[in-house]
> 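There's a structure below that I have some questions on.
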Amino acid sequence: MLQNRLLIDAALGKPVERVPVWLMRQAGRVLPEYRAVRAQAKNFIEFVKNPELAAEVTIQPVDILGVDAAIIFSDILVIPEAMGLPYEMIEARGPFFRNTIKTKSDIDNLKIAEAQDLNYVMQALQLSKKNLNNRVPLIGFAGAPFTILAYMVEGGGSKTFSKAKQFLYTQPELAHALLEKITQSTINYLKGQIECGVNLIQLFDSWAGVLSESMFYEFSLRYMSKIVDALDGKVPTTIFAKDAHYAIKKISETNCNTIGLDWTISANAARTAAGNKTLQGNADPCLLYANEEVIVKETHAMLKQFDKQNYICNLGHGLYPDLEKSKVKLFVDTVKGFSY
Ligand code: CP3
């Protein structure tokens, strides 16, 4: 049994004695201890594929920052690779796909991934579970089908994702065929993660914000909803659609348990749109560049605006690599020390 159930209870809407806190991109980026382990692998992809190293950095933030959950160290782009579209991670630039998806035959050539195709993640999960020894919950994750499509069509990061959006506008049927294949692969993958013992699953729709409202519903939310339904409530689920706060009401109508918020929406507006669904977020990661007094003051203000119940404290997006570890820890400690 889990010794610290705060995250799970909050996600399920059960009463908690204090607000749970974890941070998106807590595994990696700000910890010097992470960089030391990363240096043992040849490159990022070898690192992700090494279950011992991946499990080690998964647990680091629990020991070092004192967060209330671990998130498995992996990447959303393992799915395209398992479907037959490999990626590279270029130092200081980000992901790059040598081949991209353009035609029907490109989509036909992709396989629907099975959990066994991602055996290295399954092993990293089992090892992380074992070494965490039920101290805190382990979060599993996947990219939202739209965000995965965006990388597979665009070939890498982009401000506008205009190639990916061109694909949606000019080849909507192909886009849906691709989204369907990604969705099936993601369901297989996440079911495998649940079998390995993850306690909660988060879907990251990092690029939802490039879509118009109607396109978000058509090309993104319906596939996330399908994934949530396929997981059948076996563990609580979180949908994080960055920059799509117009959609909070519609997201709350899916069967997800928690809605992740970026920093562009107030707690009040989010609560009005979400009913009593659990909310997660939403401090601006740049707040952690501020001095200590400002960090504490703003974190207190945020905690007061959200309520103690039905709330998981987090940032509105991932930590930035140049944030100081001591300020990140101050944020975590401030949340843990706050009483309503
Ligand atoms: O949250 C965690 O700490 C768990 C690990 C995790 C990583 N990637 C490790 C990683 C998670 C949850 C992700 C998800 C991910 N990956 C997303 C969705 C979340 C978000 O931030 O919006 C996206 C869009 C990606 C794709 C990706 N992976 C990019 C654009 C990059 C390069 C730039 C960067 O650092 O984000 C990566 C590489 C990556 N993934 C790193 C880490 C720790 C940095 C690699 C390194 O150590 O050099």
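Start at 1 and go down the list; that is how both ligands and their atoms are numbered. Side chains included, hydrogens not; waters and symmetry mates left out as well; all remaining heavy atoms used.
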> Looking only at protein heavy atoms, identify the closest one to atom 23 (C) of ligand 1 and say how far it is in Å.
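The protein heavy atom lying closest is Ile76 CD1, 3.4 Å.
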> Could Lys102 and Asp106 be called an ion pair, given the rule that one side-chain N must be under 4.0 Å from one carboxylate O?
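Between Asp106 and Lys102 there is no salt bridge, as every charged N stays at least 4.0 Å from the carboxylate O atoms.
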> Which ligand 1 atoms are under 4.0 Å away from a heavy-atom of Gly94?
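Answer for ligand 1: 32 (C).
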> Within the 4.0 Å heavy-atom shell around Ser206, which atoms of ligand 1 are there?
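Checking each atom against Ser206, I get 18 (C), 19 (C), 20 (C), 22 (O), 24 (C).
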> So, does Phe47 sit close enough to ligand 1 that a heavy atom of it is under 4.0 Å from the ligand?
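So Phe47 does not count as touching ligand 1.
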> Determine, using heavy atoms of Ser74 and all atoms of ligand 1, whether some pair is separated by less than 4.0 Å.
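Right, Ser74 reaches ligand 1.
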> Between Glu253 and Lys249, is there a salt bridge with N-O shorter than 4.0 Å?
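Looking at Glu253 together with Lys249, the answer is yes, because their closest N to O distance falls below 4.0 Å.
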> Any N or O of Tyr151 that comes nearer than 3.5 Å to an N or O of ligand 1?
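No: no nitrogen or oxygen of Tyr151 is under 3.5 Å from one in ligand 1.
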> Would Glu180 and Lys226 pass as an ion pair if we require N to O under 4.0 Å?
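Judged by the 4.0 Å cut-off on N to carboxylate O distance, Glu180 and Lys226 do form a salt bridge.
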> For Phe73, take its heavy atoms, then give the atoms of ligand 1 lying under 4.0 Å from any of them.
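Ligand 1 atoms under the 4.0 Å threshold to Phe73: 9 (C), 43 (C).
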> At what distance is the nearest protein heavy atom to atom 26 (C) of ligand 1, and which residue and atom is it?
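That would be Asp75 OD2, 3.6 Å.
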> Short N/O distance, under 3.5 Å, between Thr147 and ligand 1?
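It does not: no N or O of Thr147 is found under 3.5 Å from an N or O of ligand 1.
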> Is any NZ, NE, NH1 or NH2 atom of the basic residue among Arg271 and Asp307 found under 4.0 Å from an Asp or Glu carboxylate oxygen of the other?
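Here Arg271 does not pair with Asp307 in a salt bridge, since their nearest N and O are not under 4.0 Å apart.
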> Check the pair Phe47 / Tyr34 against ring pair (Phe, Tyr, Trp, His ring centres under 6.0 Å), numbers first and verdict last.
CA-CA 11 Å; Phe47 187 9; Tyr34 163 82; 5.7 Å; yes
> Yes or no: does Phe240 have any heavy atom under 4.0 Å from an atom of ligand 1?
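For ligand 1, residue contact (heavy atoms, under 4.0 Å) with Phe240 is absent.
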> Suppose the criterion is salt bridge (charged side-chain N to carboxylate O under 4.0 Å, His left out): which pairs have a residue in residues 22-33, not counting sequence neighbours?
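Counting only pairs at least two positions apart or across chains, the salt bridge (charged side-chain N to carboxylate O under 4.0 Å, His left out) contacts touching residues 22-33 are Glu33-Lys325.
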> Under 4.0 angstrom from ligand 1, any heavy atom of Thr58?
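It does not, in that no heavy atom of Thr58 comes within the 4.0 Å cut-off of ligand 1.
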> For the pair Asn310 and Asn276, evaluate side-chain hydrogen bond (donor to acceptor under 3.5 Å, both in side chains) and give the outcome as yes or no after the intermediate values.
CA-CA 7 Å; Asn310 298 336; Asn276 58 12; 5.7 Å; no
> Nearest protein heavy-atom contact for atom 38 (C) of ligand 1: which residue, which atom, what distance?
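Residue, atom and distance for the closest contact: Met89 CE, 3.4 Å.
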> State the atoms of ligand 1, each with its element, that fall below the 4.0 Å cut-off from a heavy-atom position in Arg38.
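Those qualifying, in numeric order: 46 (C), 47 (O), 48 (O).
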> Under 4.0 angstrom from ligand 1, any heavy atom of Gly318?
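In this structure, Gly318 fails to qualify as a contact of ligand 1 - no heavy atom is under 4.0 Å.
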> Do you know which two heavy atoms are closest between Lys129 and Asn199, and how far apart they sit?
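So the two residues come closest at NZ-OD1, 3.1 Å.
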> Near Phe204, which atoms of ligand 1 are under 4.0 Å from a heavy atom of that residue?
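Going through ligand 1 atom by atom, the ones under 4.0 Å from Phe204 are 12 (C), 18 (C), 19 (C).
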> Considering only NZ, NE, NH1 and NH2 on the basic side and carboxylate oxygens on the acidic side, decide whether Glu213 and Lys250 come within less than 4.0 Å.
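Looking at Glu213 and Lys250, the cut-off is not met.
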> Give me the nearest non-hydrogen protein atom to atom 21 (O) of ligand 1 as residue plus atom name, then the distance to 0.1 Å.
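Answer for atom 21 (O) of ligand 1: Arg25 NH1, 2.6 Å.
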> Please report the shortest heavy-atom distance between Gly143 and Thr186, naming the atom on each side.
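Looks like O-CG2, 4.3 Å.
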> Would you say Lys242 touches ligand 1, if touching means a heavy atom closer than 4.0 Å?
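It does not, in that no heavy atom of Lys242 comes within the 4.0 Å cut-off of ligand 1.
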> Mark up the atoms of ligand 1 that fall under 4.0 Å of a heavy atom belonging to Ile72, in ascending order.
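Selected atoms, number and element: 4 (C), 5 (C).
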> Are any of the N/O atoms on His317, whether in the backbone or the side chain, positioned under 3.5 angstrom from an N/O atom of ligand 1?
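By distance alone, the answer is yes.
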> Which value, rounded to the nearest 0.5 Å, describes the distance between Leu190 atom CG and Ile79 atom CD1?
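Result: 7.5 Å between the selected atoms.
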> Would you mind listing which atoms of ligand 1 come within a distance below 4.0 Å of any non-hydrogen atom of Tyr34?
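Here the atoms of ligand 1 in question are 43 (C), 46 (C), 47 (O).
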> With a cut-off of 3.5 Å and sequence neighbours excluded, list every side-chain donor-acceptor pair involving residues 331-340.
{"from": "Asp333", "atom 1": "OD1", "to": "Lys329", "atom 2": "NZ", "distance (Å)": "3.3"}
{"from": "Asp333", "atom 1": "OD2", "to": "Lys329", "atom 2": "NZ", "distance (Å)": "3.2"}
{"from": "Thr334", "atom 1": "OG1", "to": "Leu330", "atom 2": "O", "distance (Å)": "2.6"}
{"from": "Lys336", "atom 1": "NZ", "to": "Gly66", "atom 2": "O", "distance (Å)": "2.7"}
{"from": "Tyr340", "atom 1": "OH", "to": "Leu303", "atom 2": "O", "distance (Å)": "2.5"}

